[in-house]
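The sequence lines fix the lettering, A, B, ..., with proteins before strands; numbering per chain opens at 1. From a predicted model like this one, the values you see are computed outputs, not experimental measurements.
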2 protein chains.
Amino acid sequence: MDNNNLGKHISGQFNLELEDVRSQVMAMGGLLEQQLHDALHSLQTGDQDLAKKVMATDRKINAMEVAIDEECTRIIAKRQPAASDLRLVLAISKTTADLERIGDACVRVGRTVLETKGGSRKGTLVSMEAMGRHAARMLHETLDAFARMDVDAAFRIHKEDVKVDGEYEAVIRQLMTFMMEDPRSIPGILDVLWAARALERIGDRCQNICEYVIYFVKGKDVRHMDTDDMEDLLR
Amino acid sequence: MDNNNLGKHISGQFNLELEDVRSQVMAMGGLLEQQLHDALHSLQTGDQDLAKKVMATDRKINAMEVAIDEECTRIIAKRQPAASDLRLVLAISKTTADLERIGDACVRVGRTVLETKGGSRKGTLVSMEAMGRHAARMLHETLDAFARMDVDAAFRIHKEDVKVDGEYEAVIRQLMTFMMEDPRSIPGILDVLWAARALERIGDRCQNICEYVIYFVKGKDVRHMDTDDMEDLLR
């Protein structure tokens, strides 16, 4: 297993600094999981207060992104890391950017809930439940793979995204049917469509983070690589 | 003017390496401008071959992203830059990621053209022309601000994005009207909607790149900062 050789490369104060920034990423990830959970719950129940909480959390997420990225830059300037240490810092910085965008997706879902007053489009929202749960599970597993720098898990999650994409296509087809049956519902359903789109994008962000885990462990940038080539690399 | 103090900080071989990677970014930007131009032209004319060319260009763009990012990592590891040199390398790396996403937006537009056979939704596509031209101009000016590390231009372009957002809202309202008038057109118009969304996102990517220019010149991360605070910083 290549999954975790952090201990070999780093030591002392530098080690502490890297551990600290890693734990900041995990804290940010934890907050995001809660934010996504709240967003999905508000979507199901129409809870407007919860949706407002989701929107408010975004400020914290944004501040965490800036703080972690600043710390990464400081570490590079001060410690001048090379090889896998440098890859770790760069992977952390990029992961943080994708996590922040998952926060934006939660905000998009929250906004749809706030704009869907009276639960008139409840049927359309329910169609997204399975996809939402799937995206939440992918986020959870991605954070877990990141915490352990587990390249096998990262590859497995990476392949999982096609399923979220498939669920998304099904949701879009269903929303299209609703619109065609009742054209007056179109503006409201478009709001729901943006939320569906946002949830689907969470899967893409998780894929990106998995690519950074593979980059750190294997030293190879696998962005834009197809699944077969990635499998060859990891074998 | 704070716009360009590259020469002060770097010298010799390191200077050449930085210049080389900057010119790679400019080459990538030039290819993207052509790709966006082709995407918009194919949208106007329904030229399917041109749309296919747009799709094919994406591979080149992706490869450029990976190559530039690799070079940035190599420079950090080998040259151990600090202060503004480090900020420059990080700004380049982040800019490249946003440029690659502008390429994805062009692909999305190309796909809409390929799926819009026979020009049946020509009226809906025309509604996007103004927004497309605006996005293209924003990209051009952003690349220019990046080339000159011109913080004033970056701030000006950053503020410009609200106009693209406004044009986007108008396009969406128009597409909604088309859908309500003729529900059978809904699937086709949704394709157009994704293209409109992609063009709107180009403005957001340009905003991000402008933030990296400000970060390089001013040493301050302005992501998530509101316009007034940004103005105070730049004064």
> With a 4.5 angstrom heavy-atom cut-off, which part of A:Asn208 approaches chain B: side chain, backbone, both or neither?
Replying inline: side chain

>> Counting only non-hydrogen atoms closer than 4.5 Å, does A:Asp58 touch chain B with its backbone (N, CA, C, O), its side chain (CB onward), both, or neither?
In response: neither

>> Taking CZ in A:Arg74 as the centre, count heavy atoms belonging to other residues, nucleotides or ligands within less than 6.0 Å. Is the count above 12?
In response: yes

> Which answer fits A:Lys78, side chain, backbone, both or neither, if we ask what part of it has an atom under 4.5 Å from a heavy atom of chain B?
Replying inline: neither

> Is there a side-chain contact between B:Phe14 and B:Pro81, using heavy atoms and a 4.5 Å cut-off?
Replying inline: yes

>> Below 4.5 Å, heavy-atom pairs only: which of A:Arg173, A:Glu65, A:Arg184 has the largest tally toward chain B?
In response: A:Glu65

> Is it the side chain or the backbone of A:Glu181 that comes within 4.5 Å of chain B heavy atoms, both, or neither?
Replying inline: neither

> Would you call the rings of B:Tyr168 and A:Trp194 parallel, tilted or perpendicular if under 30° counts as parallel and over 60° as perpendicular?
Replying inline: tilted

> Given the rule in the side chain to side chain donor-acceptor pair (under 3.5 Å) test, do A:Ser93 and A:Asp69 qualify, once you have shown the distances and angles that lead to the verdict?
Replying inline: CA-CA 5 Å; A:Ser93 168; A:Asp69 211 26; 2.6 Å; yes

> Does the salt bridge (Lys or Arg N to Asp or Glu O under 4.0 Å) test come out yes or no for A:Asp204 and A:Arg201, once each step is laid out?
Replying inline: CA-CA 5 Å; A:Asp204 299 338; A:Arg201 298 295 286 156; 2.7 Å; yes

> Do other residues, nucleotides or ligands put more than 12 heavy atoms under 6.0 Å from B:Lys159 NZ?
Replying inline: yes

> Can you say whether A:Arg197 sits under 4.5 Å from chain B via the side chain, the backbone, both, or neither, judging by heavy atoms?
Replying inline: side chain

>> I'd like to know which of B:Arg87, B:Arg59, B:Lys94, B:Glu70 tops the heavy-atom pair count under 4.5 Å against chain A.
In response: B:Lys94

